[in-house]
Amino acid sequence: MKLMVLGEPGSGKTTFLKSLAIQCNQGRFQPQLIPFFIELKDFAITARSNQCDFSLLNYIRENFLLNCDIWEEQINTLFFNGKALILLDGLDEVDPEKADAILKEISYFSRLYFSNRLVISCRIESQLANRLFSLNFTYVKVADFKSEQIEAFSKKWFVAVARNSKEQGLSQAAEFIEKLYLSEHQSILELARTPILLNLACLVFQEKANFPSSRAKLYEEGLEILLFRWDESKNIKRDEVYRKLPVRNKKQLLSQVAAIAFEKDNYFFERNEIQQLITDCLTKLTDEKNAPVQVHLDSESVLKSIAEQHGLLVERATKIYSFSHLTFQEYLTACRFANSLEPQFLEKLVVHINEERWREVFLLTAEILPSANANELMLLMKTEVDKIIPNDQKLQQFFLWLNQKSLSVKNQEEVPFKLAAVRSLYFAREIDRFSNSMRASVSSLFKCAYALEKNSCFGSNNALDIDSAVYFFVLFADQPKLIRSCTLDAVLELKPDLKQQLEKLQNEIPDDEENEEKFNNWFETDFPNWFEQVKMVTIKYRNLGHNWEFSEKSKIRLRQYYDANKLLVDCLNSSRNLSPTIKAHIEETFLLPQTK
């Protein structure tokens, strides 16, 4: 068994893997196996500090020989006999500089000890998971919490985490659930389907008996409780220097630490590095003219207080720290960009528009920014997105076709969707013709269109359904056996001439089950001409199937362009303060050819 567990940020991937380890250890899941839970970001530290002896096997040996009464020979025997359950958590959180080495080591380990069970968790947006596709993993996605799961979690939280009596906790949980399902809290209910955000919602409700208005506000109020009010309510006294810092300054300090590390593509901080960052922040944030030695001593105590008090920073290895959850680092990084007074600071953000690990930072920054800055960010993002596609003749011909095709469907065939959404659908379909990564998931074709046209059903329109059937021929014309065995979509009855031509082409394919030799001869001699006829028919009747003759570099750019535009649309929807005029302008110019 090889399982890739994908999920949104905070969806419970780590909890799921830890649960497997515990249940296995207790004999309630695969009792014949021995579980090994490994956080890949911690393993990456080993890759950085121990280049000579770096391997997953050595890492497991060292950790379990140190912490368990297990001999090295016993571990070897376990692996060779397929008696291990290997749980690798957080592939997306691996240091980017070490990602190739980690993937290579996982691949080697998986092939060498192929009889063991291997489970890996990774964020759903990360491309790293796809790079292990050749190892025949089964890919699954962590589902959102259902209503009954939200209720069960809430009851346990208000009793155990909030340290209430059972009666008091269940009473507060009932009030929490009742208010959560009110119509005015629909946005928070959607967030509460993700465990980490449900946890924050419970934390905020415990303090305020109500809900904030957005995801960013939920993080903000949750962090305020973690940074100040939680201590006050429990009468906890912390280090004097840290305790005297206002919550606003604590948040500034954490935001700066988070952003600097994030910009360096690094999830980890060495103690000296993070103490220097804290020293710099303390120098700016405090009015006291302390001597450098005293400020450095203060930074040590502040670091200790942060790690012990809130659980936001964790010492992963000796003198190596990281944020306890990547989601917190992303939110604090977004705060740094959203609240900075430095000129052109947002320009430093948009240069990362094609880096998938910055996606959450963009979304949260867009949500936090006030109106003028939100408008600026969206326009900067649009400019940066357009830079991805060079003013190349072939590419511009493609975008001219895209606009013309979308206009004809929108106007002549009366498709009731935004023109930008229609362009998005056809753009994604064309990428699918030369991109296996998109073909693996049909739903990805519609991601951008659905973001532009919420609550729409793109499968209920005749023109788009006709073109979907045609695209089947275009996409799989190089697999005639598949086309030979399929039934043409009934929607083509609306275009009898087109249906007749496609059926004629379909009937020209010999039945390989009756005579495989005849099919092979046809494929060798007649297939190229047949393939050209398919394209001629689809171009003539539906203006689909053009041979763009893109280079590999252009194909990569087009995929990057699609992904960046999807992020732009998501930010348009995420921003609460964006001008309607700016939003309309961006949608009107969405996926259009460049005019310069």
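Gln23 and Ser19 are linked by a side-chain donor-acceptor pair at a separation below 3.5 angstrom, with hydrogens and angles left out of the test. For the residue pair Ser214/Glu367, the side-chain donor-acceptor check at 3.5 Å is satisfied. With 3.5 Å as the limit, one finds no donor-acceptor pair spanning the side chains of Gln168 and Gln172. In this structure, a donor-acceptor pair under 3.5 Å is absent between the side chains of Ser424 and Tyr562. There is no side-chain donor-acceptor pair under 3.5 Å between Thr138 and Lys2. There is a side-chain donor-acceptor pair under 3.5 Å between Gln30 and Gln32.
Judged purely by atom type and a 3.5 angstrom limit, Asn81 uses its side chain to pair as donor or acceptor with the backbone of Thr77. Not one N or O on the side chain of Ser110 forms a donor-acceptor pair closer than 3.5 Å with the backbone of Ile106. Between the side chain of Ser121 and the backbone N or O of Gly90, at least one donor-acceptor pair lies under 3.5 Å. For the pair Gln149 (side chain) and Lys146 (backbone), a donor-acceptor distance under 3.5 Å is present. Under a 3.5 Å cut-off, the side chain of Asn25 and the backbone N or O of Pro35 do not form any donor-acceptor pair.
Nearest heavy-atom pair across Ala44 and Ile102 is CA-CD1, 4.1 Å. Residue Val569 comes nearest to Ala451 through the heavy atom pair CG1-CB, 3.4 Å, listed as atom of the first residue, atom of the second, then distance. Scanning both residues, Phe323 and Leu254, for their nearest heavy atoms gives CZ-O, 4.0 Å. For Ile188 against Ser213, the heavy-atom pair with the smallest separation is CD1-C, 4.5 Å. Contact detail for Val142 and Ser11: the closest heavy-atom pair is CG1-O, 3.4 Å. What you find for Tyr139 and Leu6 is that their closest heavy atoms are CD2-CD1, 3.9 Å.
Leu3 places a side-chain heavy atom less than 4.5 Å from the side chain of Val140. Contact annotation: the side chain of Leu363 approaches that of Glu360 to within less than 4.5 Å [non-hydrogen atoms, C-beta and beyond]. Leu88 is listed as a side-chain neighbour of Leu56, based on a closest heavy-atom distance under 4.5 Å. Counting only heavy atoms from C-beta outward, the side chains of Trp358 and Thr333 approach each other to under 4.5 Å. Put simply, the side chain of Ile150 reaches to within 4.5 Å of the side chain of Tyr181, judged on heavy atoms. Side-chain contact between Glu207 and Leu203 is absent, with no heavy atoms from C-beta onward closer than 4.5 Å. Inter-residue side-chain proximity for Phe145 and Thr194 is flagged as unmet; no heavy-atom pair is nearer than 4.5 Å. Using a 4.5 Å heavy-atom threshold, the side chains of Phe37 and Ile86 count as separate.
In this structure, Arg357 is positioned above the aromatic face of Phe262, its NZ or CZ under 6.0 Å from the six-membered ring centre and within 45° of the axis.
Summarising the geometry, atom CG belonging to Leu85 is positioned 8.5 Å from atom CZ belonging to Arg117; distances are rounded to the nearest 0.5 Å. A distance of 5.0 Å separates CG of Leu128 from CG of Leu91, quoted to the nearest 0.5 Å. Annotation: the span from Glu93 atom CD to Cys122 atom SG amounts to 9.5 Å, rounded to 0.5 Å. Distance check: Leu567 CG to Asn354 CG gives 9.0 Å after rounding to the nearest 0.5 Å. Here Arg336 contributes atom CZ and Gln252 contributes atom CD; the two are 8.5 Å apart, rounded to the nearest 0.5 Å. Taking CG of Leu170 as the reference point, atom CD of Glu175 lies at 13.0 Å (rounded to 0.5 Å).
More than 12 non-hydrogen atoms from other residues, nucleotides or ligands lie less than 6.0 angstrom from CD of Gln26. Residue-environment remark: CD (Glu148) exceeds the threshold of 12 foreign heavy atoms within 6.0 Å. Heavy-atom neighbours of Lys104 NZ from other residues, nucleotides or ligands within 6.0 Å: at or below the threshold of 12.
Of the residues listed (Leu200, Val204, Leu198), the one engaging Cys202 in a side chain to side chain contact (heavy atoms under 4.5 Å, CB included) is Leu198, and it is the only one.
Salt-bridge formation is not detected for the pair Arg359/Glu356: no Lys NZ or Arg NE/NH1/NH2 atom is positioned less than 4.0 Å from an Asp or Glu carboxylate oxygen. The pair Glu221-Lys208 counts as a salt bridge, with a side-chain nitrogen and a carboxylate oxygen less than 4.0 angstrom apart. The pair Asp570-Lys566 counts as a salt bridge, with a side-chain nitrogen and a carboxylate oxygen less than 4.0 angstrom apart. Classification of Lys18 and Asp89 as a salt-bridged pair fails, no side-chain N sitting under 4.0 Å from a carboxylate O. One finds no salt bridge joining Lys156 and Glu151 here, because no Lys/Arg side-chain nitrogen approaches an Asp/Glu carboxylate oxygen to under 4.0 Å. In summary, Asp92 and Arg123 engage in a salt bridge, as defined by a charged side-chain N under 4.0 Å from a carboxylate O.
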| message | side-chain contact (heavy atoms from CB on, under 4.5 Å) for Lys179 and Glu184? Distances and angles first, verdict last. | response | CA-CA 9 Å; Lys179 288 191 175 181; Glu184 61 261 37; over 6 Å; no
| field | Full working for salt bridge (Lys or Arg N to Asp or Glu O under 4.0 Å) between Lys264 and Glu273 | value | CA-CA 12 Å; Lys264 289 181 178 179; Glu273 178 187 13; 3.5 Å; yes
| said: Is there a salt bridge (Lys or Arg N to Asp or Glu O under 4.0 Å) between Arg559 and Asp563? Walk through the geometry before answering. | reply: CA-CA 6 Å; Arg559 180 57 200 259; Asp563 291 341; 3.1 Å; yes
| message | Please determine whether side-chain contact (heavy atoms from CB on, under 4.5 Å) holds for the pair Leu349 and Val361, giving the CA-CA distance in whole Å, both sets of side-chain angles, and the decisive distance to 0.1 Å. | response | CA-CA 9 Å; Leu349 173 61; Val361 176; 4.1 Å; yes
| request: Determine, stepwise, if the pair Gln186 / Glu190 fulfils side chain to side chain donor-acceptor pair (under 3.5 Å). | output: CA-CA 6 Å; Gln186 182 64 32; Glu190 292 306 310; 3.1 Å; yes
| CA sep, side-chain torsions, deciding dist, call: Phe337, Ile368, side-chain contact (heavy atoms from CB on, under 4.5 Å) | CA-CA 10 Å; Phe337 280 100; Ile368 296 168; over 6 Å; no
| request: Decide side-chain contact (heavy atoms from CB on, under 4.5 Å) for Glu220 and Tyr331; before the verdict, give the C-alpha distance in whole Å, the side-chain angles of both, and the deciding distance to 0.1 Å. | output: CA-CA 9 Å; Glu220 179 186 341; Tyr331 169 70; 3.2 Å; yes
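For Tyr113 and Phe79, the ring centers are positioned less than 6.0 Å apart. Phe176 and Phe153 have their aromatic ring centers separated by at least 6.0 angstrom.
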